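See structure below.
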Amino acid sequence: RGVDRVEAEAIYDAGRDVVVEVLLRMDRQIQELSETVARQGERIAQLERRLNRSSRNSSQPPSADPPGAPPRRGKDPSGRRQGGQPGHQGKGRPLLPAWAVDQVVDHWPDRCDCGHEFAQDEHVAVGDPVRHQVEELPPITVTVTEHRAQRVRCPGCGRRRRARLPREVAASSFGPRLQAAVATLSVRNRISRRDVVELCEQLFGSRISTGTVEAILARAADALTEPCDDLLDRLRASRAVHMDETGWRTAGERRALWGIFDDRHAYLHVAADRHEDHAKSLLAETKAIVTSDRWWAYRHLPLARRQICWAHLARDFKAHAEGMACEKEFGEHGLRLCERVFWAWEIYQHTHDRGELALTIRQLQREFKPIMRRHAGKSPRYRYCRGMARNLLKAWPALWTFARHPGVQPTNNHAERALRSAVIYRKLSLGSQSPAGEQRVARLLSAHTTCRLQHRPLHTYLADAIAAHNRGDPVPLLT
């Protein structure tokens with residue numbers, strides 16, 4: 001409640017000391033209220049920034065965008081209608097050669113437009129026929145082979161002896177190709193256990209249960225033990241790799257899925273968290289150049305062997321560009337830098353002129369490093385962009401590694417694309433239920449991702465791997 005006129009006159013009549021005391025007390029209250037308003041204003045700004053986060057200005061996936069988020073920018077409109085344009089070269093299904101056709105059915109005309117009906121002896125081909133090919137699935141059903149271990153009586157001692165089943169037969173009640181199909185449906189196509197059971201019954205006529213599906217996945221993962229270990233060794237020996245990590249769940253608890261990739265190989269591993277120790281364990285003594293985001297778990301790497309992802313930087317700069325005053329200026333400078341870096345890389349992709357790329361990068365460094373230094377200053381107006389500016393200056397050499405070393409890319413998009421299938425699998429399956437399940441899923445996802453990078457059929461590889469494992473032979477590697 002404020003002071004009314006009567007109370008104010010009473011204070012004035014009370015004398016000089018009372019008036020001074022009241023004014024000082026009011027000044028203290030004003031200062032406290034001003035500080036409270038300032039804190040609340042800063043808190044509101046932080047909450048608004050958090051509320052405005054989306055896949056455009058942060059690392060969160062597009063699927064996590066709120067309904068009110070602005071749509072992601074697509075291609076610039078060309079004014080043309082969707083679909084094929086008039087005059088474009090059409091693309092159709094090419095006909096298979098004659099040797100690849102399983103069956104040929106000839107069709108003859110019954111009558112001519114003039115009314116003549118063709119007899120059987122008039123079916124004489126004139127010129128080449130019009131060919132039309134139809135592809136169809138044959139009736140699919142499993143073949144059941146019964147293996148009988150016969151008993152015989154020994155004429156020497158009189159005891160009965162029973163034959164032993166071959167190792168590859170006794171390993172399971174299902175053959176390698178059927179087991180590979182179940183694993184492919186579960187991992188590559190991300191179908192639930194119950195749906196796999198239903199598909200096996202409807203497509204293959206196979207009797208199977210959800211427990212059997214889980215047992216098949218366990219056997220497939222066991223067969224992949226040596227190939228996955230070899231994948232990790234191969235990646236550690238690479239000249240350049242990509243690394244990324246994402247969330248995972250095991251029995252509802254938070255975990256982390258780590259991935260290390262190159263152009264042809266992928267290795268995934270589920271760990272307790274996203275701590276630096278796990279990055280060190282995966283990389284071991286590798287000398288490879290590692291492309292990653294700015295997550296602190298990669299800070300142990302020498303800057304000369306690290307490439308920071310420019311796509312992540314672009315999203316961070318976008319978030320700053322949506323701020324105010326100096327923060328907005330910092331973000332806009334950063335976005336212009338990212339645009340010019342991407343343009344220089346695109347030119348290099350066409351010309352392969354590394355000298356021109358290095359010259360362009362040196363110009364960008366001379367132009368933008370003073371801007372970063374200015375926004376890393378101690379002035380209060382830089383408080384919202386000071387942290388990122390100082391971080392970039394500290395890691396400055398790791399921003400430009402791609403310009404010095406062939407085979408290194410300026411972004412970590414390769415790792416994000418490689419992890420996308422695993423992320424979708426996690427969302428559909430809710431992760432794992434046990435530590436053994438973590439290892440099983442990691443191996444199967446490693447094989448799936450590697451086969452995809454190599455344009456290799458996952459089903460064929462799994463069938464060969466399971467068959468070799470059942471026989472006790474060396475399992476074919478993925479390298």
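Please read all numbers here as calculations on a predicted model, not as lab measurements. Numbers here are sequence positions counted from 1.
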Checklist entry - Rounded to the nearest 0.5 Å, how far does CG of L419 lie from CE of M243? => result 10.0 Å
Checklist entry - By side-chain contact (heavy atoms from CB on, under 4.5 Å), which residues pair with R131, not counting sequence neighbours? => result L95, Q133
Checklist entry - Restricting to pairs with a member in residues 455-479, which pass salt bridge (Lys or Arg N to Asp or Glu O under 4.0 Å), not counting sequence neighbours? => result R471-D473
Checklist entry - Does a side-chain N-to-carboxylate-O contact under 4.0 Å join R440 and D222? => result no
Checklist entry - Distance only, no hydrogens: is a donor on one side chain within 3.5 Å (strictly under) of an acceptor on the other, for Y298 and E245? => result yes
Checklist entry - How would you list all residue pairs meeting side chain to side chain donor-acceptor pair (under 3.5 Å) that involve residues 349-364, not counting sequence neighbours? => result Y348-R354
Checklist entry - Which residues pass the ring-ring contact (aromatic ring centres under 6.0 Å, His included) test with F317, sequence neighbours left out? => result F330
Next on the checklist: Can you confirm whether T225 sits close enough to V475 that some side-chain heavy atom of one is under 4.5 Å from a side-chain heavy atom of the other?
Outcome noted: no
Checklist entry - Would you say the side-chain atoms of R162 and Q150 include a donor-acceptor pair closer than 3.5 Å? => result no
Next on the checklist: I need the L337 CG to L313 CG distance, nearest 0.5 Å.
Outcome noted: 8.5 Å
Item to check | Those residues that, when tested against Q103, pass side chain to side chain donor-acceptor pair (under 3.5 Å) (two or more places apart) | outcome: none
Checklist entry - Below 4.5 Å, heavy atoms only, C-beta onward: do R219 and I466 meet side chain to side chain? => result no
Next on the checklist: Can you confirm whether more than 12 heavy atoms, excluding those of W396, are under 6.0 Å from its CH2 atom?
Outcome noted: yes
Checklist entry - Given side chains that start at C-beta, do those of F174 and S206 come closer than 4.5 Å, heavy atoms only? => result yes
Item to check | Cation over ring face, R274 and W258, 6.0 Å, 45° | outcome: no
Item to check | Side-chain heavy atoms of Y425 within contact of V441, under 4.5 Å | outcome: yes
Checklist outcome for this item: Here the salt bridge (Lys or Arg N to Asp or Glu O under 4.0 Å) pairs for residues 181-201, sequence neighbours left out, are R193-E214
Next on the checklist: Counting C-beta onward and ignoring hydrogens, is there a side-chain heavy-atom pair between R249 and S432 closer than 4.5 Å?
Outcome noted: no
Checklist entry - Taking the side chain as C-beta and beyond, is there a heavy-atom pair between S292 and D244 under 4.5 Å? => result no
Next on the checklist: Using side-chain heavy atoms (C-beta onward) and a distance below 4.5 Å, is L224 in contact with S446?
Outcome noted: no
Checklist entry - For F118, what residues pass the ring-ring contact (aromatic ring centres under 6.0 Å, His included) criterion, not counting sequence neighbours? => result H116
Next on the checklist: By the salt bridge (Lys or Arg N to Asp or Glu O under 4.0 Å) test, which pairs, at least two apart or in different chains, include something from residues 252-269?
Outcome noted: R255-E438
Checklist outcome for this item: Sequence neighbours excluded, the answer for ring-ring contact (aromatic ring centres under 6.0 Å, His included) partners of H459 is none
Item to check | Non-hydrogen side-chain atoms of W345 and L357 separated by less than 4.5 Å | outcome: yes
Checklist entry - Which pairs, with at least one residue in residues 121-150 and sequence neighbours excluded, count as a ring pair (Phe, Tyr, Trp, His ring centres under 6.0 Å)? => result W108-H123
Checklist entry - Stepwise, does the side chain to side chain donor-acceptor pair (under 3.5 Å) test hold for T479 with D230? => result CA-CA 8 Å; T479 54; D230 180 72; 3.2 Å; yes
Item to check | Contact list for residues 223-250, test ring pair (Phe, Tyr, Trp, His ring centres under 6.0 Å), sequence neighbours left out | outcome: H242-H414
Next on the checklist: Other residues, nucleotides and ligands only: do more than 12 of their heavy atoms fall within 6.0 Å of CZ on R305?
Outcome noted: yes
Next on the checklist: Is it the case that the side chains of T401 and R306 hold a donor-acceptor pair, with the cut-off being a distance below 3.5 Å and no angle test?
Outcome noted: no
Checklist entry - Given L478 and Y461, is the side-chain contact (heavy atoms from CB on, under 4.5 Å) satisfied, shown in steps? => result CA-CA 9 Å; L478 280 162; Y461 172 75; 3.6 Å; yes
Item to check | Residues which pass ring-ring contact (aromatic ring centres under 6.0 Å, His included) with W296, listed by chain and number, not counting sequence neighbours | outcome: H275
